2 protein chains.
Amino acid sequence: MTQAPGTRRDIPDATVARLPVYLRALRALTAAGIDVVSSEDLAQAAGVRSTGLRKDLSHLGSYGVRGVGYDVARLSDEIARELGLQHDWAVAIVGMGNLGHALAAYSGFATRGFKVRWLVDEDPEVIGTVIAGLTVIGFDELAMVAGDGLIAVIATPPTAAQDVADQMTRMGVRSILNFAPCVLQVPEGVEVRKVDLATELQILAFHEQRGRDEDDDAARLGVHAARVAEAAR
Amino acid sequence: MTQAPGTRRDIPDATVARLPVYLRALRALTAAGIDVVSSEDLAQAAGVRSTGLRKDLSHLGSYGVRGVGYDVARLSDEIARELGLQHDWAVAIVGMGNLGHALAAYSGFATRGFKVRWLVDEDPEVIGTVIAGLTVIGFDELAMVAGDGLIAVIATPPTAAQDVADQMTRMGVRSILNFAPCVLQVPEGVEVRKVDLATELQILAFHEQRGRDEDDDAARLGVHAARVAEAAR
DNA sequence: AGGTCTTTGTGAACGCGCGCACAAAGTCGC
DNA sequence: GCGACTTTGTGCGCGCGTTCACAAAGACCT
Ligand SMILES: NC(=O)c1ccc[n+]([C@@H]2O[C@H](COP(=O)([O-])OP(=O)(O)OC[C@H]3O[C@@H](n4cnc5c(N)ncnc54)[C@H](O)[C@@H]3O)[C@@H](O)[C@H]2O)c1
Ligand SMILES: NC(=O)c1ccc[n+]([C@@H]2O[C@H](COP(=O)([O-])OP(=O)(O)OC[C@H]3O[C@@H](n4cnc5c(N)ncnc54)[C@H](O)[C@@H]3O)[C@@H](O)[C@H]2O)c1
């Protein structure tokens with residue numbers, strides 16, 4: 001590695017998006033009692049090519065041992081550090097409907113560096129109720145307690161999402177995960193990631209149809225070939 | 001357009017991933033009573049650049065009118081056709097826990113070309129119960145009724161996901177949306193898309209930390225500059 | 001009917017990310 | 001200790017996607 005400690009490294013977005021997958025695979029290896037892994041095996045577990053994995057890891061320094069592989073614990077720590085997961089991040093879920101309930105009850109956040117700390121809604125009927133051990137609060141209350149580095153999850157209807165995003169950014173939130181199927185306008189410096197299930201299904205539908213059309217083509221070509229053969233004799 | 005009707009067009013993956021967003025924006029315009037839109041305005045609504053939007057649309061043919069813009073209804077139809085949304089697609093949700101319940105109750109699928117037709121679980125306690133108007137069934141029952149073009153949504157714990165995927169592919173499913181945080185191995189020709197919330201949050205955490213570090217750097221540089229200034233006088 | 005003006009569609013340049021090939025480095029056997 | 005073997009780290013080329021610049025096409029005004 002030619003990287004001085006403490007120096008800012010610019011890691012490609014594509015690599016950053018894969019680091020969580022590597023981290024998950026590494027945790028699974030730890031749980032299985034494996035403490036050294038080759039790039040080939042780890043790549044297999046993460047569903048990528050080994051050469052790509054090595055290039056990704058090279059961006060955070062050279063923590064592998066040639067002829068041996070990577071120390072699972074060491075690499076886990078390095079990736080976690082790079083992702084900023086030494087400490088838990090506080091999460092606020094906004095919109096406690098069907099989806100908000102499921103998210104509040106989800107145990108997968110706590111094991112991966114996040115603590116759902118606030119549940120927020122607008123409906124006076126919902127505010128004050130207890131969900132998964134947390135009392136639902138309103139925006140005014142959140143504005144008073146929200147600290148730096150809070151991550152907001154928007155699970156309101158799309159009609160309310162922009163308004164919610166505006167309020168969150170006003171109180172200093174710079175990271176938003178949006179489940180509402182709509183485009184959010186946010187100020188410079190605020191990062192939005194979206195999860196859109198219907199969009200995912202529509203992409204699947206496109207390929208499903210394409211596969212079906214290709215089958216049709218194959219059938220047509222088969223018929224055509226048969227006709228040619230018939231005409232030829 | 002230099003494209004003969006009925007010819008297979010190869011549309012870039014990146015474009016396919018954006019078509020659903022355009023379609024959603026177009027539907028909103030229809031609802032607002034707008035029937036002609038410029039690439040500039042549509043791009044704004046979709047959160048992309050107008051030049052990129054036009055290039056995307058050019059892949060499906062030239063349906064715009066120069067000097068005017070695009071006919072909203074016409075373009076909606078063309079995109080829906082391209083995505084294979086003339087008819088609804090049947091969806092089976094596997095794993096009726098917290099997330100499965102929320103998905104089954106979600107109204108956003110029906111309005112965007114999908115019909116949740118089967119709810120599947122393994123637990124005998126859950127099989128036979130009615131959720132959102134549908135009776136939960138087991139795999140054996142699904143295998144008997146599942147038709148061609150079925151899209152499977154996996155909402156089971158990650159430990160069960162691979163097994164579920166195997167069973168689904170065996171019964172001919174070629175499109176899977178996976179919510180379990182794990183990598184799925186599937187045969188050639190089967191398309192898997194994954195939704196991993198913890199991964200999304202970790203990507204946000206990375207940028208959040210990076211922003212924080214940059215603030216630190218700015219502060220440090222400020223201190224440094226002050227010291228330099230002090231030393232200079 | 002002709003001119004102007006708006007907006008589309010596309011060729012070309014650019015940058016990024018992926019895959020390949022290979023050298024460097026370190027381990028293990030003898 | 002030395003050689004063979006394993007596995008990492010990286011320079012390079014290629015293909016894809018995004019952006020830019022501009023010409024073509026049609027509407028609208030006079
Ligand atoms: N349910 C799902 O499985 C699912 C799946 C994908 C996407 N989504 C999307 O997630 C969002 C939530 O879905 P849902 O099914 O939970 O909806 P829901 O109607 O059940 O719940 C919405 C909640 O948001 C609250 N809310 C409304 N406006 C608010 C505001 N301004 N501030 C704070 N809270 C507000 C409401 O009081 C309600 O509790 C929707 O945008 C939906 O499209 C849901
Ligand atoms: N709850 C959330 O908000 C949330 C968010 C993100 C991801 N996830 C992921 O989604 C998945 C489901 O989460 P959940 O909270 O609903 O879990 P859950 O434990 O509440 O429900 C899991 C359900 O799957 C069923 N199941 C288990 N094995 C099965 C099998 N082999 N075949 C069919 N059904 C089977 C169980 O009977 C149960 O009903 C998990 O992988 C979780 O990590 C959940």
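Not measured: the values here are computed from a predicted model. So you know, we letter chains A, B, ... as the sequences are listed, proteins then strands, and number each from 1.
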Earlier contact from the 5' end, DNA chain C, for A:Gly67 and B:Val37: B:Val37
Geometric class of the B:Tyr106/B:Phe109 ring pair [parallel <30°, tilted 30-60°, perpendicular >60°]: perpendicular
Phosphate OP1/OP2 of D:dT18 contacted by B:Arg18 side-chain N/O (<4.0 Å): yes
A:Val68 side-chain proximity, nearest of D:dG26, C:dT27, D:dT8: C:dT27
Phosphate contact (C:dT7 OP1 or OP2) by B:Ser39 side-chain N/O below 4.0 Å: no
Any pair counted as side chain to side chain donor-acceptor pair (under 3.5 Å), so long as it reaches residues 41-53 of chain A, sequence neighbours left out: A:Glu40-A:Ser50
Distance below 4.0 Å between B:Arg54 side-chain N/O and C:dG9 OP1 or OP2: no
Sugar-phosphate only, base, or nothing, as touched by A:Gly52 at under 4.0 Å among non-hydrogen atoms: nothing
Phosphate contact (C:dT7 OP1 or OP2) by B:Ser38 side-chain N/O below 4.0 Å: no
Closest nucleotide among D:dA27, D:dT8, C:dG9 to the A:Tyr70 side chain: D:dT8
side-chain N/O A:Thr51 vs C:dC20 OP1/OP2, d < 4.0 Å: no
Separation of C:dG9 P from B:Leu57 CG (nearest whole Å): 7 Å
Nearest-Å distance for atom pair CZ/C1', residues B:Arg74 and C:dT8: 14 Å
Listed nucleotide nearest any side-chain atom of A:Asp13, set D:dT10, C:dG17, D:dA24: C:dG17
Closest nucleotide among C:dG19, D:dT7, D:dG26 to the B:Val65 side chain: D:dG26
Options C:dG17, D:dG9, C:dT7, nucleotide nearest the side-chain atoms of A:Ser58: D:dG9
